[in-house]
Amino acid sequence: MTRQRLILATRNAGKITELHAILADAGLDLELVGADAYPEVPDTKETGVTFAENALLKAHALARATGLPAVADDSGLCVDVLNGAPGIFSARWSGTHGDDKANLNLLLAQLSDIDDAHRGAHFACAAALALPDGTERVVEGRMEGVLRHAPTGTNGFGYDPILQPEGHEVTCAELTPAEKNAISHRGKAFRALVPVVKELLG
Ligand code: ITT
């Protein structure tokens, strides 16, 4: 019997490895491929105003274009004192999409006068599953923490060097990938997706 193919709407190999491990741990035998396996399918514009909307947009577009079930995620950093910003703008906060260093430095500068008592923030992730017939599900995960005044650590990406997760004395960039996945917004959202995948594809 051929294995059910599931596409993940990302070109980020780390995300594919992480979801693959979570699905395998759950006993789901699916063939997981990244968007790179379908180079003719264009990237979807993230025109939604919430993480969930953007994850659903990406999953539906890929499911429609390929005729296969598709998973997509959208994530970002939400800062309490900024009323949830950068949020969906996290990847392009400084104006240039994907310039992690500029994004982090701009955020630190904006928060320079804010003391430790008011530096709460969380990473948020929405993960969506869409089927070619239009069926959809979306789940969310969060990692709460506080923002440091300066970056520390070299692991991870994005805002990892300044987010110290709740209950930890180090930043996300000082955790190993496995330690981060165990508590991360994306790890939680992907794990919450397991029963959904079982329900719709199991
Ligand atoms: P895709 O290609 O999969 O869309 P992306 O780089 O756009 O990946 P995300 O949507 O997952 O990444 O995240 C958007 C931004 O939010 C990302 O550029 C980071 O600035 C920030 N971010 C999200 N998750 C993060 C994490 O685990 N650690 C640090 N920063 C994160």
Side-chain angles (χ1 to χ4, degrees), residues 7-20 22 32-39 41-59 61-62 70-79 82 84-108 110 121-128 138-148 151-166 168 170-191 193:
I7 311 175
L8 182 58
T10 184
R11 301 184 197 285
N12 178 333
K15 283 189 189 177
I16 298 169
T17 307
E18 188 183 344
L19 183 59
H20 193 264
I22 290 170
L32 188 65
V33 294
D36 277 345
Y38 294 83
V41 178
D43 283 343
T44 311
K45 271 216 164 84
E46 297 186 12
T47 53
V49 296
T50 63
F51 297 117
E53 280 176 19
N54 281 333
L56 283 166
L57 277 173
K58 290 192 272 188
L62 201 56
V71 167
D73 76 308
D74 194 38
S75 59
L77 178 70
C78 304
V79 179
L82 295 178
I88 57 165
F89 305 108
S90 293
R92 54 191 145 115
W93 192 234
S94 65
T96 310
H97 191 106
D99 190 340
D100 284 0
K101 200 162 175 231
N103 291 336
L104 180 154
N105 285 333
L106 174 60
L107 187 69
L108 278 184
Q110 289 165 327
H122 65 269
F123 281 128
C125 176
V138 64
V139 294
E140 306 206 22
R142 273 181 180 216
M143 173 165 49
E144 303 284 348
V146 291
L147 292 173
R148 293 274 189 90
T152 317
T154 53
N155 294 337
F157 70 105
Y159 301 92
D160 278 338
I162 55 169
L163 194 279
Q164 177 178 315
E166 213 169 65
H168 290 71
V170 296
T171 68
C172 288
E174 295 173 282
L175 297 174
T176 64
E179 286 169 339
K180 183 181 162 193
N181 291 344
I183 58 169
S184 81
H185 50 313
R186 192 170 301 102
K188 286 176 187 161
F190 281 173
R191 285 189 290 276
L193 206 55

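Remember, it's a predicted structure, so these values are computed and weren't measured experimentally. When a ligand or atom number is given, it counts from 1 through the structure's own listing order.
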Short side-chain to backbone donor-acceptor contact, Asp100 and Gly158, under 3.5 Å: yes
Top protein contact for atom 10 (O) of ligand 1, by heavy-atom distance: Asp74 OD1, 3.4 Å
Residue and atom name of the nearest protein heavy atom (relative to atom 2 (O) of ligand 1), distance in Å to one decimal: Thr10 OG1, 3.7 Å
Among Phe51, Phe123, Phe157, closest by any non-hydrogen atom to atom 19 (C) of ligand 1: Phe157
Residue pair Leu19 / Asp73, side-chain heavy-atom distance below 4.5 Å: no
Where Ala126 and Val138 come nearest, the two heavy atoms and their spacing: CB-CG2, 4.2 Å
Carboxylate-amine/guanidinium proximity below 4.0 Å for Arg142 and Glu140: no
Identity and separation of the nearest protein heavy atom to atom 7 (O) of ligand 1: His97 NE2, 4.3 Å
Nearest-contact summary for atom 9 (P) of ligand 1 - protein heavy atom, Å: Ser75 OG, 3.3 Å
Nearest protein heavy atom with distance in Å, relative to atom 28 (N) of ligand 1: Asp160 OD1, 2.7 Å
Nearest non-hydrogen partners of Trp93 and Asn103, listed with the distance: N-OD1, 3.3 Å
Closest non-hydrogen atom pair, Arg148 against Thr171: NH1-CG2, 3.5 Å
Atom 20 (O) of ligand 1: nearest protein contact (heavy atom, Å): Tyr159 CE1, 3.1 Å
Whether Gly76 lies under 4.0 Å from ligand 1, heavy atom: yes
Shortest non-hydrogen contact between Ala72 and Ala59, atoms and distance: CB-N, 3.5 Å
Aromatic plane relationship, His185 with Phe123 - under 30° parallel, 30 to 60° tilted, over 60° perpendicular: parallel
Protein contact to atom 27 (O) of ligand 1 [nearest heavy atom, distance to 0.1 Å]: Lys180 NZ, 2.7 Å
Arg11 heavy atom under 4.0 Å from ligand 1: no
For Lys15, the ligand 1 atoms whose distance to one of its heavy atoms is below 4.0 Å: 1 (P), 3 (O), 8 (O), 9 (P), 11 (O), 12 (O)
Taking atom 4 (O) of ligand 1 as the reference point, the nearest protein heavy atom with its distance: Lys58 NZ, 3.6 Å
